[in-house]
Each structure stands twice: as C-alpha cells, then as structure tokens.
Amino acid sequence: MEWMKTYDIAHRGLHTDNEVVPENSMKAFQLAKERGYAMEFDIHITKDSQIVVFHDSTLTRLCGVPLEVETSTYDEIKEYPLLGSNQTIPLLKDVLSEIAGAVPLLIEIKNTKRIDEICTVLLDVLNGYDGDYAVQSFNPFIIHWFTKHAPTIKRGLVAYDMKDSKEPWINKQLIKHIVLYPIVKPHFINYEHTLLPMRRLTNLQKRGVIIIAWTVRSQDELDAVKKYYSNAVFELFIPKKK
C-alpha cells in the first residue's frame, strides 16, 4: 500500500472538465499513465454482467441519454460518446489491458444491490492482473464482501458528511462516522477533503490505517491534506513534482 502514499492519484484519470479529455475515458487513463500518475476510477455492472468504467448510474450527464447502466447491456451503451467526444464507455478489462501494471489503480465500486455479482465478476476480471490496485466504495457492505471473501485484496471506505444524500438517516450515520470500521476492517479510508482534519481519522491513522482524501482541485488543497494525512486524489490541475 506504499504506492497510495507516494503516487499522485488522478481522479477519473487525467481528464479535463469538457469534451477534450472526458472523465473515466481511455484517453484520460492513457494520459495519466504517460505522466506516471496512479489513477482512480469508477465501475458499474451492466445488465449482461459486464464491468464498465463509468461514474454515474445513468448516461444522462455524460452522454445525453437517460439510459441506466445496470438495466442496459454493454452493446446498448457502448457507442454513445462521452461529452460529445470521440471517447466511449470503456470496459474494465480494456482499461487493465491499456495500463498493464504501469501505474497503480484505485477502483471505486459504485453502489448497487447486486453486491455479490459485481464483486465476483470484478475478481474474475482482475484475476492475473499484474499490477498494484485497491478497491474502495461508499457502501461498507461492498467492502465487507472483500473482507469476507477476498481478504488479501487491499480495500478502503470512501466517506463524507452525507448532507446531500437521499440515503436513510441510519445509513448516513454509518458512512459519515465510519461506524462499521471494526467489521469492514479497511486498509485505508478516503474522506472528503473539506471535512479534514478529523479526530477519528487521526486516531485510526495512528493505528496504521492509511488516510487519504477526495477530491482536491488545487495545490493548496493538496498541501493542506498532506499536513495531516498521507495523500489526496486530485483533478483539474497538475500537482507539483515531489
């Protein structure tokens, strides 16, 4: 897990905020690889059990069509351009082939009711991949799946204050306060940077848990996180060389 402390980690690849280099696109991953950045990206499972690299639950924001990823087959969504570019939604297996272990990967599993399926298929896709990677999720039950079924895979919880979430109150508290930490036993926690520092996270860091933050958009924000914790996921700027 030392890479999580030492590599700059590009959020959804080294993307721009327009169609030039869309988020979670193969081009964004290629650029991150070229610069030697680790990269964070998101995954969903399609109706036909394909793991795709995509953030939202629907194609509305990025592709302009109201299709849901989980209720669509990959063939139904694979041709839609991301933000009007020449980039489309990639399969995880193709991203792995492109990166080929050159830099570490931070794979965020988006919330789903198909926990067993997405985790099982993900393990199958990752089988034999020769490179550093870790998985993370806001859903502690997804991470607990790895604790129980694949404990050697590095795993982490993503969290924030949940103020804008439609989740039930109890779920918000579980995530915000990392209540299920003793059960999930994550190797790292990725917390929203504007809420840091936090005493509970500082105490967990003293116990050996890696603490990083999401998502900083300036060098000042990155430096502020690193005063207290190991690292932060960045986007829309180029971090200073160490």
Residues which pass side-chain contact (heavy atoms from CB on, under 4.5 Å) with N18, listed by chain and number, not counting sequence neighbours: T16, V20
Step-by-step side chain to side chain contact (heavy atoms under 4.5 Å, CB included) determination, F146 to K148: CA-CA 5 Å; F146 285 90; K148 183 177 180 181; over 6 Å; no
Could you tell me if the side chain of [Y] sits less than 4.5 Å from the side chain of [X], heavy atoms only?
| X | Y | answer |
| --- | --- | --- |
| W145 | L123 | yes |
| K5 | N231 | no |
| D132 | L105 | no |

E68-S57 side chain donor-acceptor pair, cut-off 3.5 Å: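 No.
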Donor-acceptor side-chain pairing of Y160 and T194 below 3.5 angstrom: no
Criterion side chain to side chain contact (heavy atoms under 4.5 Å, CB included) against F54, the qualifying member of V69, I43, N24: V69
Main-chain N/O of M198 paired with R200 side-chain donor or acceptor, under 3.5 Å: no
Minimum heavy-atom separation for [X] and [Y], please, with both atom names.
| X | Y | result |
| --- | --- | --- |
| K33 | M39 | N-CE, 3.9 Å |
| Y74 | V52 | CD1-CG1, 3.5 Å |
| H15 | L236 | O-CD2, 3.7 Å |
| Y37 | A10 | CB-CB, 4.3 Å |
| T88 | E79 | CG2-O, 3.9 Å |

From CA spacing to verdict: side-chain hydrogen bond (donor to acceptor under 3.5 Å, both in side chains), E117, S49: CA-CA 8 Å; E117 182 183 5; S49 300; 2.5 Å; yes
